[in-house]
Amino acid sequence: MEQTLSIVKPDGVKKNLIGDVIRRFEKNNLRIVALKMLRVSKKEAMGFYIVHKDKTFYDSLTSFLSEGPVVVMVVEGDRAIPKVREIMGATNPKDAAPGTIRADFGSDIEHNIVHGSDSIESASYEIPFFFSTLEIQ
């Protein structure tokens, strides 16, 4: 079983979409094995998105993640990483396939409701960023 991290970003929390996001994962035979709501500081967001530190959007991305509460979760299942990414849709909601989370609820490339690990390597960094092994069921 593969595990990945997903985050309902501040815009998704504000729009009351937490249940919708989880429901879409569960409808696709994925299990939520860890879940919590928290507020990420700007410094923590900078650490989380460290892979993007040299990109022009790094400051706005980290500011956005830290602007309100988020819901972080570990999602598990067969091919969890590609499945979650397919369910989320393309990063830019305008490019996302109809019926995906980002196409249905996202506003723009930054305010796109959800984050999901893009690889096994990313998931292995991102999951322990938010969860200890004791918190994953």
Side-chain angles (χ1 to χ4, degrees):
M1 284 294 168
E2 191 170 76
Q3 292 183 338
T4 187
L5 182 86
S6 184
I7 302 174
V8 180
K9 296 179 182 179
D11 56 333
V13 172
K14 193 179 293 184
K15 292 179 178 181
N16 291 319
L17 296 173
I18 300 163
D20 289 299
V21 170
I22 291 171
R23 192 172 304 103
R24 288 179 188 222
F25 293 156
E26 290 180 334
K27 279 179 151 178
N28 284 277
N29 298 317
L30 295 166
R31 292 182 41 231
I32 308 304
V33 295
L35 176 78
K36 60 183 156 184
M37 180 181 278
L38 47 86
R39 184 130 188 189
V40 180
S41 71
K42 173 76 171 184
K43 184 177 179 183
E44 290 164 335
M46 291 170 75
F48 180 73
Y49 280 127
I50 195 72
V51 298
H52 299 301
K53 71 177 170 111
D54 296 326
K55 306 229 172 86
T56 57
F57 57 83
Y58 180 65
D59 186 57
S60 64
L61 178 65
T62 55
S63 292
F64 171 57
L65 190 67
S66 61
E67 78 178 24
V70 298
V71 172
V72 294
M73 65 188 94
V74 178
V75 183
E76 181 180 83
D78 182 44
R79 299 184 63 251
I81 294 168
K83 267 190 188 177
V84 165
R85 295 196 64 77
E86 182 179 333
I87 294 162
M88 291 188 317
T91 304
N92 188 338
K94 293 174 186 159
D95 300 330
T100 61
I101 293 167
R102 290 173 171 159
D104 291 349
F105 304 117
S107 305
D108 57 61
I109 198 162
E110 192 168 274
H111 299 88
N112 61 10
I113 308 298
V114 288
H115 164 87
S117 303
D118 63 5
S119 66
I120 291 170
E121 295 76 25
S122 293
S124 67
Y125 171 77
E126 293 177 352
I127 291 170
F129 191 91
F130 290 107
F131 294 97
S132 75
T133 54
L134 294 174
E135 295 174 299
I136 300 171
Q137 303 303 310

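Treat the numbers as computed from the prediction; the structure is a model and nothing was measured.
In this structure S119 satisfies the side chain to side chain donor-acceptor pair (under 3.5 Å) test together with E121, S122, sequence neighbours excluded. For Q137, the side chain to side chain donor-acceptor pair (under 3.5 Å) test picks out no residue, with sequence neighbours left out. Here I120 pairs with E2, I81 under the side chain to side chain contact (heavy atoms under 4.5 Å, CB included) rule; sequence neighbours left out. With sequence neighbours excluded, the residues forming a side chain to side chain contact (heavy atoms under 4.5 Å, CB included) with R31 are V33, E76, listed by chain and number. In terms of the side chain to side chain contact (heavy atoms under 4.5 Å, CB included) criterion, T56 has no residue partners (sequence neighbours excluded).
Residue pairs meeting the salt bridge (Lys or Arg N to Asp or Glu O under 4.0 Å) criterion with at least one member in residues 11-26, sequence neighbours excluded, are D20-R23, R24-D104. Counting only residues at least two apart or on different chains, no ring-ring contact (aromatic ring centres under 6.0 Å, His included) pair has a member in residues 74-101. Screening residues 89-109 for ring-ring contact (aromatic ring centres under 6.0 Å, His included) gives no qualifying pairs among residues at least two apart or on separate chains. Under the ring-ring contact (aromatic ring centres under 6.0 Å, His included) criterion, no residue pair touches residues 65-86, with sequence neighbours excluded. Within the structure, ring-ring contact (aromatic ring centres under 6.0 Å, His included) contacts touching residues 3-28 (residues at least two apart or in different chains) do not occur.
Paired with V75 under the rule side chain to side chain contact (heavy atoms under 4.5 Å, CB included), one option of I22, I32, L5, N28 passes, and it is I32.
V74 is connected to I7 through a chain of hydrophobic side-chain contacts under 4.5 Å among Ile, Leu, Val, Met, Phe, Trp and Tyr, so both are in one cluster. V21 and L65 are assigned to two separate hydrophobic clusters, defined by single-linkage of ILVMFWY side chains at heavy-atom distances under 4.5 Å. Both Y49 and L38 are part of a single hydrophobic cluster, where members link through side-chain heavy atoms under 4.5 Å apart. Tracing side-chain contacts under 4.5 Å through hydrophobic residues (I, L, V, M, F, W, Y), one reaches V70 starting from F129; they form part of the same cluster. Linking ILVMFWY residues whenever their side-chain heavy atoms come closer than 4.5 Å, directly or via other members, leaves I127 and L35 in distinct clusters.
In this structure, F130 and F48 have tilted ring planes: the angle between them lies in the 30° to 60° band.
M37 is listed as a side-chain neighbour of I18, based on a closest heavy-atom distance under 4.5 Å. Side-chain contact between T4 and L30 is absent, with no heavy atoms from C-beta onward closer than 4.5 Å. Counting heavy atoms from C-beta outward, V8 and M73 have side chains that approach closer than 4.5 Å. Counting heavy atoms from C-beta on, the side chains of D78 and N29 never come closer than 4.5 Å.
Between G68 and P10, the shortest heavy-atom contact is O-CG, 3.7 Å. K9 and V114 make their closest contact through CE-O, 3.4 Å (heavy atoms, listed as atom of the first residue, atom of the second, distance).
K36 forms a cation-pi arrangement with F131, by the criterion of a distance under 6.0 Å to the ring centre and an angle within 45° of the ring axis.
From K43, atom NZ reaches atom OG of S66 across 13.5 Å, with rounding to the nearest 0.5 Å. For the atom pair OG1 of T100 and CG of N112, the computed distance is 10.0 Å after rounding to the nearest 0.5 Å.
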Acceptor/donor pairs from residues 57-64 side chains to any protein atom, 3.5 angstrom cut, sequence neighbours excluded:
| from | atom 1 | to | atom 2 | distance (Å) |
| --- | --- | --- | --- | --- |
| Y58 | OH | M46 | O | 2.8 |
| D59 | OD1 | K42 | NZ | 2.8 |
| S60 | OG | F57 | O | 3.1 |
| S60 | OG | E110 | OE1 | 2.7 |
| T62 | OG1 | K42 | NZ | 2.8 |
| T62 | OG1 | Y58 | O | 3.0 |
| T62 | OG1 | D59 | O | 3.1 |
| S63 | OG | K42 | NZ | 2.8 |
| S63 | OG | D59 | O | 2.9 |

Which atom pairs, donor and acceptor, lie under 3.5 Å between side-chain atoms of residues 85-94 and protein residues at least two apart or in another chain?
| from | atom 1 | to | atom 2 | distance (Å) |
| --- | --- | --- | --- | --- |
| R85 | NH1 | G116 | O | 2.8 |
| N92 | OD1 | K94 | N | 3.0 |

